[in-house]
Amino acid sequence: KLHQFLPGQATVPKQVLQVWGAKIEEQSKGRIKIQHYPSMQLGGKPPELIDQVIDGVVDIIWTVNGYTPGRFPRTEVFELPFIQKDAQETTQALWTMFEKDMKDNEFKDMHVLGVWVHGPGLLHSDKPVKTVEDMKGLKVRGGSRAINMMLKQFGATAVGMPVPAVSEALSKGVINATTIPWEVAAAVKVPELVSNHTEFTGNALYTVTFVMAMNKEKYASLPDDLKKIIDDNSGLEFSVNAAKIMQDFDAPVRAKAVEQGNNIIVLNADESAVWAAAAAPVYDTWAKEMDDKGFDGKALIAEAKALLLKSSKMSN
Amino acid sequence: MNSKIKVAVEWLARTLALLGGFVLISMIIITCVSIFGRTLINIGLGPIPGDFELIEALAAFVVFAFLPWCQITRGHAAVDIFTAFLPDNFNRWIDLIAEILMGLAIFIIAWKLWDGTISKTKYGETTFILQFPIWWAYALSLSVALLGCLVAFYMIILRIIEVIYGKTEINSNSGAVH
Amino acid sequence: MSSLEIGIWSFPILMVLIFIRIPIGLSMLITGFVGSFLIGDNWLPILAKFKNETYSTFSSYSLTIIPLFLLMGQFARLGGMSQALFKAAETWMGHKKGGVAMAAIGACAGFGAICGSSLATAATMGQVALPELKRYGYSGKLATGTLAAGGTLGILIPPSFVLVIFAILTEQNIAKLFIAALVPGLLAAVGYIIAISIYVRIYPESAGSRERAPYSERFKALLEVWPVLAIFLIVVGGIYMGIFTPTEGAAVGAAGTGILALLNGGLTKETLMDSILETAASTGMIFFIVFGASIYNGFLALSQVPQEVAEWVVMLGLNPWMILTIILIIYMVLGCVMDSLSMILLTIPIFFPIVSVLDFGLSPDEFAIWFGVLVLIVVEVGLITPPVGMNLFVINSMAKETKLSDTFRGVIPFITSDLIRTIILVIFPSITLFLMRWLY
Ligand code: NA
Ligand code: NA
């Protein structure tokens, strides 16, 4: 039983989860059957997916770590504004930190199959947004705690809601803008609802971390040969590939928005730097909060940056 | 049944419902103030931060506070057309069974809400905007859910007495509005 | 037993529980709970589900609209809006043959514009209009039938609870559904008025007459209605224009009617407490059903019954119109014994996947909205069909000297009007959709 929050036709469910399920079924010669329940069909709201997999309500879930703020504090370091350049590189770094620090802490109650991030996040808005000042007074949906901190820093009003609620909120003017990557934007019809999109040069505005996890007892109950099949299809390589698929599917959605005549504002390196500078205080606030929670915030940021640098060198 | 207990339980259910009502009214005020602030954003006002999540947390409390009153006034919708011609005694047995099942459901709900509260405390989950711990909201609901168990228990005893003495103390309230 | 078989068996078992008078929400809860256990052969998953499911259902932002609209209806009654509406309608149409009954329908439609519930509308308008109808010599049959039917306008004319629940279950836009329901709701009122005029022509003795009111009195009465109009425009207009969410609209409406009731003295400490207790009982009932339905529907999804049945229906290759007709008839039959909200919660998760794969030449969103309005109508017919029609009971209990069998007979012309309207709306989807297409 694989449970998640997006419709079955969206990129990750279709290109990642279903492909994964089919592979597992094939390699196990049908001994493992993966039944996919999209759009929260088995009940509950997206933030409950984590508890559902820990408690064994379902066997496998895919969700956004940020839907349960405070629960996976360390993943947030990769969600800080303007830290990510490329989804695959970030995923590489995230996985390294996950293996080293988080696997036996935040994620100890589940068997993690993959953690990854989406492609460069951007801003979609009803009115054109070019400068940080344009953000003042806007009601913006942010996907995670870190993004909300950044939005506040920019003088916008952050509104928290899971992705499936975005289309209704946008169409009614409950929010003026949303942060979302292109690929997910298509699934919730964002380019049809608003016509302005603000992109950045260099590092992306933000990203969000995902986790795909299996119930621990369920995994333990499998015979060794089946465990091996699951293992072979999860982990770093699987995660990086998932990130790649998400990032690759950004382009066609963007192209469609262009074709529709939407206004895509691409901020150049200098303009992007102004935004990054305006967002910089978030790093300190976040670090301080982490200190209060018993982590070393500054060290985490430094470590994340070092890991990102390393993976960026590796891919070049 | 001891009328003192009866009065006390009815008072409890009623007070909880009224408490829920006043929280509901405060939700209305929060929402209106928030809309007001947001329309006057140009003169420096703004919506109440995190109004959505405040409303959600309070809404759960309100519903839990309303449930005992619904139960004690027999407000839960049921189809009585096929049982209406059955003897009263038989119907009292149905009432008792329904009440026991209802009590069981309410007990499980409260017990699991307790587990939920513990788990939210353990994982330190917070809300999106205000970032208050979610377990606060859970605990608020839990407190009224536990009182709801008391009312449910009382209702079971009441039904047992009805079956023993063969007379119905509370009649079905079909005036529920929906 | 396979999951699928368990899923299929759950349905008759659920029906038996409901019919032996186990509360509907509890019946769904028990069936879903035991069924989920049988499928997984393990109590732990379904028990674990309860950890978050109650809190998350009860804290749902969109469902908060329900206690808010309930309270708003209570305040509207206390604020004297029901009297003002009836007075205005009566001075304008009361002198015609059957005019006072027609006025009651008009007033129900007006009250429906600020109240989301059928029973509340029936009960409130019954209080105001029944004595007047009696005074002008209308038969108990016609009077009670009129008000029972008029009460359904409370839900047919937006705002409406049933549409809120439908929108949540099918992930549709609540504002669009409200807009789409407006014209069919007005058609219902017109249909009822026509039904009255035909009825009094056949049975002239069932309606008395009333003297014609002078125009000065008419305009004065009309002026008194402005708060109702203002609140309707603010709530539904505000929701449609995106000034606020439906939940916020309900909060604004409750605040507005509350203030009006306070100003004209209807809202006192006692009446406020009564309103809260009424709201509490109804809210408790609705949310318990919603929760039971969410457990039962989670179990159904697990058993894969809806998907399998949908595939099977497609395989049979039946005519889509025939399937739609069958489903609407099932609703009417169920409606003879069940109440509207439980029916929607129970059946939409089963029927919607089936019908949404059929081709009626509409886009998926348009189809969902059209289907939602159709279901709304047939479900509301259930409220006035004997033997179990909640509106009939409520109105009849208020008219002491009228026999229940008379009320049953008095409502027949209105049921006929409902059937004709349903057929028209099925044949011409654009009657439902044109306003929404034009506005969005
Ligand atoms: Na209405
Ligand atoms: Na009926």
Side-chain angles (χ1 to χ4, degrees), chain B residues 14 17-18 20-22 24-25 27-32 34-35 39 52 55-60 62-71 73 75-83 91 94-95 97-98 101-102 105 108-109 111-113 115-116 119 137-138 141 145 173-178, chain C residues 18-26 29-30 47-48 50-52 54-55 58-61 63-64 67-68 70-71 73 117-120 123 161 243-244 247-248 251-252 254-255 258 273 276-289 337-342 387-388 390 393-394:
Chain B
R14 201 181 142 88
L18 291 175
F22 291 118
L24 185 64
I25 291 171
M27 284 158 63
I28 294 174
I29 296 170
I30 291 174
T31 307
C32 290
S34 198
I35 296 171
T39 46
F52 278 43
I55 296 293
E56 290 197 330
L58 295 177
V62 168
V63 175
F64 274 111
F66 281 175
L67 277 170
W69 179 252
C70 180
Q71 194 187 5
T73 56
H76 285 299
V79 173
D80 53 9
I81 156 165
F82 299 106
T83 51
N91 272 307
I94 294 180
D95 280 338
I97 292 166
L101 290 171
M102 183 64 103
I108 293 177
I109 286 171
W111 165 38
K112 284 292 134 185
L113 192 63
D115 282 359
S119 136
Y138 267 71
S141 293
N173 165 23
S174 56
V177 176
H178 62 99
Chain C
I18 289 176
F19 289 159
I20 61 165
R21 207 163 48 83
I22 306 290
I24 295 171
L26 186 61
L29 185 65
I30 295 168
L47 273 175
F50 273 61
K51 265 170 65 177
N52 298 318
T54 43
Y55 178 82
F58 296 164
S59 70
S60 157
Y61 184 77
L63 281 176
T64 309
L68 293 173
L70 282 167
L71 200 60
S117 127
S118 258
L119 289 179
F161 288 166
I243 298 169
F244 34 68
T247 304
E248 287 171 339
V252 170
M273 297 220 290
I276 290 175
L277 292 178
E278 282 284 325
T279 305
S282 304
T283 305
M285 179 203 78
I286 293 175
F287 275 77
F288 199 75
I289 296 177
V337 292
M338 271 177 86
D339 79 303
S340 43
L341 215 58
S342 325
V388 176
M390 288 308 287
F393 299 154
V394 169

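Proteins get letters first, then strands, A, B, ... in listed order; numbering begins at 1 in each.
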Contacting moiety of Ile30(C), where chain B heavy atoms sit under 4.5 Å: side chain
Minimum heavy-atom distance Ala251(C)-Ile28(B), with the two atoms named: O-CG2, 3.3 Å
Ring geometry between Phe288(C) and His76(B) (parallel below 30°, tilted from 30 to 60°, perpendicular above 60°): tilted
Straight-line distance of Leu18(B) CG to Leu277(C) CG, nearest 0.5 Å: 5.0 Å
Closest contact, heavy atoms only, Ala280(C) versus Phe66(B): CB-CD2, 3.4 Å
From Tyr61(C) atom OH to Phe52(B) atom CZ, the distance as rounded to the nearest 0.5 Å: 4.0 Å
Chain B contact via Ile18(C) - which portion, at a heavy-atom distance below 4.5 Å: both
Those residues that, when tested against Asp115(B), pass side-chain contact (heavy atoms from CB on, under 4.5 Å) (two or more places apart): Trp111(B), Lys112(B), Lys51(C)
Pair Phe22(B)-Ile276(C), side chain to side chain contact (heavy atoms under 4.5 Å, CB included): steps then yes or no: CA-CA 8 Å; Phe22(B) 291 118; Ile276(C) 290 175; 4.1 Å; yes
Separation of Ile55(B) CD1 from Leu68(C) CG (nearest 0.5 Å): 8.0 Å
Smallest separation among heavy atoms of Ala281(C) and Trp69(B), with atom names: N-CD1, 3.8 Å
Separation between CD1 of Ile22(C) and CD1 of Ile97(B), rounded to the nearest 0.5 Å: 6.5 Å
Student check: side-chain heavy atoms of Phe58(C) and Val62(B) closer than 4.5 Å: no
Interchain contact, Leu47(C) with chain B, by part (heavy-atom threshold 4.5 Å): both
Contacting moiety of Phe287(C), where chain B heavy atoms sit under 4.5 Å: side chain
Leu67(B) to Gly284(C) - nearest heavy-atom pair and separation: CD2-O, 3.4 Å
Interface moiety of Ala137(B) toward chain C, non-hydrogen atoms closer than 4.5 Å: both
Under the side-chain contact (heavy atoms from CB on, under 4.5 Å) test, residues paired with Ile29(B) that sit two or more places apart: Ile25(B), Val33(B)
Contact origin within Ser119(B) toward chain C - heavy atom pairs under 4.5 Å: side chain
Proximal component of Ile35(B), with respect to chain C [non-hydrogen, under 4.5 Å]: side chain
Which atoms of Leu29(C) approach chain B - backbone, side chain, both or neither, heavy atom under 4.5 Å: side chain
Gap separating the OG atom of Ser59(C) from the CZ atom of Phe64(B), nearest 0.5 angstrom: 9.5 Å
Largest heavy-atom contact set with chain C, pairs under 4.5 Å, which of Leu113(B), Thr83(B), Ile30(B): Thr83(B)
Side chain / backbone / both / neither for Leu71(C) at chain B, heavy atoms under 4.5 Å: side chain
Side-chain donor/acceptor of Arg21(C) to backbone N/O of Ala98(B), under 3.5 Å: no
